[in-house]
Amino acid sequence: MAKKVSYRREFFDREYTAKEAYGRAWWFARKYKARIILGIICGMLTAGTLVPFFQIIQPTLSKVESRQAAPAAEASAAEAPGAGTSAEASAAPGGTAADKAGRKAKGLEKEYGKFKKWAAKFGVQMQDEDDALGMPLLLAIIIAVPLVALLRCLLVFLNHYCLAWAGMRTVRDIRCAMFKHVQAQSMQFHGRIDVGQLMSRCTSDPHQVQLVIQHVLQELAQAPFEIAVSVGFIIWSAVKNNMLPTLGIIVIGFPMFMVPVVFLSKRIRKWSKKALERFSVVGSRIHEILTCIKVIKAYHTEDIENEKYESANNQTLKATLRSLRWGLLVGPAVETVGIFLICGFVVWCFFTGVKLSMIIPMLAPLLLIYRPLKQLSKLQVQIEQGRAALARIWSIMDVDMELADDRSAKAKMSFDGKVVFENVSFRYDTAERDAVHCASFEMPRGSVVAVVGGTGSGKSTMGSLLARFFDPKSGRITMDGVDLRNIRIADLRRLVGSVQQETLLFNDTIEANIRYGSPGATHEDVVAAAKMANAHDFIMSQPEGYSRLVGEKGFALSGGERQRVAIARAILRNPPILILDEATSALDTVTERLVQDAIDNLMKDRTTFAIAHRLSTIRNADMILVMRDGEIVERGTHEELYAANGVYRKLCDMQHQT
């Protein structure tokens with residue numbers, strides 16, 4: 001049985017109200033408000049195209065009724081005494097209602113006269129044999145309906161395209177803003193975050209937002225207005241036919257459609273969020289497995305990792321299906337409530353004596369209301385899913401662990417004097433004790449200061465403080481008397497370079513990796529730096545030369561080759577201060593010599609802070625700092641410290657014995 005892989009809630013996660021979540025999304029979308037407004041207007045006008053269809057109903061019913069009533073009226077007039085008197089009366093000014101209807105019909109026929117002649121040329125008979133029935137309806141069918149249908153098609157296209165266009169660009173902006181924000185965070189943040197889950201938040205979650213902007217706005221721009229037009233026509237029909245009590249029943253019953261939506265929305269939001277969280281676990285597992293693939297291969301744990309990955313996928317599937325089930329309940333629930341309401345309405349009509357013929361004009365709008373109402377009920381699912389995704393996005397965007405430039409930060413283009421640590425202390429957020437405690441020393445220009453100590457003694461943290469990956473919790477670090485926090489970060493990065501023990505290269509060419517950080521360097525500059533780093537020969541030994549791809553993290557190169565490419569990169573950058581996390585401890589003797597020669601070339605005329613693993617490489621350092629549990633316990637040259645017979649000598653003797 002595979003072990004359950006649970007989602008680890010990040011330290012910055014929090015909840016956001018719908019107003020907060022979507023209000024901030026609008027801040028990104030507002031630059032595209034012209035397209036959004038155009039899309040919404042087109043959606044509104046789409047609803048307006050329903051009006052001609054509704055207007056066809058009443059004239060058609062009236063025409064049918066008048067034709068059915070005409071023969072009966074003629075028969076009654078012939079049989080009734082004084083028929084002539086009635087005819088004369090009908091000719092009186094104003095006449096009867098029938099006379100008015102007749103004149104209106106004749107006027108309508110005259111209005112369509114030209115069109116009839118035009119249609120006759122093509123053999124189209126616009127009227128029946130008695131020249132009385134069908135022309136208005138037929139004209140509406142062959143002219144008005146197709147034109148309205150084409151207009152509706154165009155409006156729907158513009159509605160969907162404009163909102164999709166705005167949605168895609170909004171999501172692009174959110175992704176870019178997230179990436180920029182994440183990159184700006186300090187190493188404290190990156191040391192605590194799960195990379196796989198962070199990737200999921202930066203890619204999958206914004207896609208949910210795109211669906212909301214694209215689909216939800218499309219329906220919100222169309223469905224409510226279709227409902228409004230239909231309801232408006234129903235109200236007009238009710239007022240016209242003296243059916244205000246019926247209208248009151250409709251107004252009271254209509255909100256009942258939304259009861260299932262309100263009831264289910266909280267559960268939809270809950271499981272949508274869990275589905276997103278568990279999907280991020282899947283991404284985290286993929287990233288971790290691919291990053292540690294060598295260890296997995298070495299220990300033959302593929303089956304174990306497969307079980308863990310399958311377990312993570314199963315949990316994601318369960319949460320997704322739970323969210324899907326609650327979401328799918330919305331539509332049927334709305335339909336069920338609607339059926340109950342309609343049944344209740346029919347019963348009410350029966351007991352109140354409302355005739356079916358009186359509500360026929362309301363049937364078409366009521367039927368058309370069903371589709372947009374059902375769409376609106378489904379939108380609640382997407383809205384809650386979008387809210388869950390936005391909460392995860394804004395949680396990252398609200399993290400403030402950035403080491404930004406201080407307002408008083410000044411430009412500094414050169415290093416002239418010395419770097420001074422003044423009673424510096426630092427503690428990681430998740431640690432119980434200081435990683436560096438009350439460290440004080442000076443590093444004059446051109447000197448080599450080395451720091452040694454056991455694992456966890458604080459060596460690498462000291463280098464990170466000098467590079468200002470972190471800021472001290474207390475004390476300060478100065479360069480030429482200026483606190484590092486008062487130097488512009490861009491200038492500090494130009495003045496301080498580093499070569500780490502774990503060399504990371506980009507999946508690009510060797511030349512691109514050497515030029516990284518020095519975009520203005522020429523090919524000749526790259527070659528010169530590679531020669532100083534003892535890298536030119538192995539680079540040119542392959543047919544691709546400097547165009548050779550190094551692979552993911554540089555895995556196409558050996559450890560020594562990767563180190564020399566990294567050293568060439570630092571040489572090309574040419575920083576006056578160098579942080580050197582010695583990288584020769586894991587290399588064979590020949591490669592170590594090549595790398596050490598490259599390091600010696602790199603250190604020439606530079607101020608070097610060397611984090612030493614092999615003590616033999618720092619014998620000539622101007623000052624050696626010995627650290628234990630975050631504190632500097634000894635300092636001096638190699639000879640002074642060895643003669644003192646303290647911690648440093650014990651470390652030297654242990655390495656000599658091994």
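Note: hydrogens, waters and symmetry copies are ignored here, and every other heavy atom, side chains too, is used.
- Under the 3.5 Å distance criterion, the side-chain polar atoms of Glu634 are matched with a main-chain donor or acceptor of Tyr648.
- Pairing each heavy atom of Leu465 with each of Val436, the nearest pair is CD1-CG2, 4.2 Å.
- At least one donor-acceptor pair under 3.5 Å links the side chain of Arg493 to the backbone N or O of Ala467.
- When every heavy atom of Ile174 is checked against every heavy atom of Ile393, the shortest pair comes out as CG2-CG2, 4.0 Å.
- Taking a 6.0 Å sphere around CZ of Arg172, one finds it holds more than 12 heavy atoms contributed by other residues, nucleotides or ligands.
- Looking at Arg635 and Val626, their side chains never come closer than 4.5 Å, going by heavy atoms from C-beta outward.
- Atom CZ of Phe441 is surrounded by more than 12 heavy atoms from other residues, nucleotides or ligands within 6.0 Å.
- The backbone N or O of Gly517 lies less than 3.5 Å from a partner atom in the side chain of Arg573, making a donor-acceptor pair.
- One side chain, Asp173 or Tyr32, offers a donor N or O that lies under 3.5 Å from an acceptor on the other.
- Other residues, nucleotides and ligands place no more than 12 heavy atoms under 6.0 Å from the CG atom of Asn620.
- We find that Arg392 and Asp205 are joined by a salt bridge, their nearest charged nitrogen and carboxylate oxygen being less than 4.0 Å apart.
- In this structure, Thr637 contributes its side chain and Met623 its backbone to no donor-acceptor pair below 3.5 Å.
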**Request:** Mind running side-chain contact (heavy atoms from CB on, under 4.5 Å) on Tyr161 and Arg35 for me, showing each step along the way?
**Result:** CA-CA 9 Å; Tyr161 179 76; Arg35 290 288 183 108; 3.9 Å; yes
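- Using a 4.0 Å cut-off between charged nitrogen and carboxylate oxygen, Lys459 and Asp581 do not count as a salt-bridge pair.
- You'll find the side chain of Val496 stays beyond 4.5 Å of the side chain of Pro575, heavy atoms only.
- Between Met178 and Pro206, the closest side-chain pair of non-hydrogen atoms falls below 4.5 Å.
- Of the inter-residue distances, the one linking Arg606 atom CZ with Ser447 atom OG reads 14.0 Å to the nearest 0.5 angstrom.
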**Asked** Should Leu549 and Glu544 be marked as a side-chain contact (heavy atoms from CB on, under 4.5 Å) after you check the CA-CA gap, both sets of side-chain angles, and the distance that decides it?
**Response** CA-CA 8 Å; Leu549 293 174; Glu544 300 93 336; over 6 Å; no
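- With contacts defined as side-chain heavy-atom distances shorter than 4.5 Å, the pair Val171/Phe28 does not qualify.
- The distance from the NZ atom of Lys410 to the CG atom of Asp483 is 11.5 Å, given to the nearest 0.5 Å.
- Going from atom CG of Asp491 over to atom CZ of Phe415 covers 15.0 Å, rounded to the nearest 0.5 Å.
- A side-chain donor-acceptor contact under 3.5 Å links Thr607 to the backbone of Gly446.
- Side-chain contact between Arg476 and Thr478 is present, with heavy atoms from C-beta onward closer than 4.5 Å.
- In plain terms, the two heavy atoms of Thr509 and Ala512 that are nearest each other are OG1-N, 3.1 Å.
- Across all their heavy atoms, Ala570 and Val499 have their closest contact at CB-CG2, 3.7 Å.
- Of the possible donor and acceptor atoms, one in the side chain of Ser186 sits under 3.5 Å from a partner among the backbone N and O of Met401.
- Not a single donor-acceptor pair under 3.5 Å links the side chain of Asn423 to the backbone N or O of Gly475.
- Judged by distance alone, the side chains of Thr461 and Tyr428 do bring a donor and an acceptor atom under 3.5 Å apart.
- By the 4.5 Å heavy-atom criterion applied to side chains, Leu557 and Arg548 are counted as neighbours.
- Within a 6.0 Å sphere centred on CG of Asp605, heavy atoms belonging to other residues, nucleotides or ligands number 12 at most.
- The main-chain N or O of Val550 is never found under 3.5 Å from a side-chain atom of Asn513 such that the two would form a donor-acceptor pair.
- Taking the ring axis of Tyr16 as reference, the NZ or CZ atom of Arg14 stays within 45° of it and closer than 6.0 Å to the ring centre.
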**Request:** Apply side-chain contact (heavy atoms from CB on, under 4.5 Å) to the pair Met443 and Leu466, showing each step before the final yes or no.
**Result:** CA-CA 11 Å; Met443 192 166 63; Leu466 176 57; 3.8 Å; yes
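- Within the 4.5 Å cutoff, side-chain heavy atoms of Cys652 are placed close to those of His638.
- With contacts defined as side-chain heavy-atom distances shorter than 4.5 Å, the pair Trp394/Glu20 does not qualify.
- Taking CD1 of Ile611 as the start and CD1 of Ile618 as the end, the distance is 11.5 Å to the nearest 0.5 Å.
- In this structure, Tyr516 has its ring center under 6.0 Å from that of Phe506.
- In the displayed structure, Trp26 atom CH2 is contacted under 6.0 Å by more than 12 heavy atoms of other residues, nucleotides or ligands.
- Remark: Lys418 NZ is loosely packed, at most 12 non-hydrogen atoms of other residues, nucleotides or ligands lying under 6.0 Å away.
- Rounded to the nearest 0.5 angstrom, Ile510 CD1 and Tyr546 OH are separated by 8.5 Å.
- Using a distance-only test at 3.5 Å, with no hydrogens or angles considered, no donor-acceptor pair links the side chain of Asp622 to the main chain of Val449.
- Between Ala391 and Ser395, the closest heavy-atom pair is O-OG, 2.7 Å.
- Between the side chain of Lys19 and the backbone N or O of Ala21 there is no donor-acceptor pair closer than 3.5 Å.
- Salt bridge Asp398/Arg24: present, at least one basic N to carboxylate O contact under 4.0 Å.
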**Prompt:** Step by step, would you call Met479 with Leu484 a side-chain contact (heavy atoms from CB on, under 4.5 Å)?
**Reply:** CA-CA 7 Å; Met479 181 186 295; Leu484 295 188; 3.9 Å; yes
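- In this model, no donor atom of one side chain and acceptor atom of the other lie less than 3.5 Å apart for Gln185 and His190.
- Closest of all the heavy-atom pairs between Gly551 and Ala556 is N-CB, 4.2 Å.
- Aromatic rings of His437 and Phe426 (six-membered ring for Trp) have centroids beyond the 6.0 Å cut-off, not under it.
- Separation of atoms NZ (Lys412) and CG (Leu492) is listed at 10.5 Å; rounding is to 0.5 Å.
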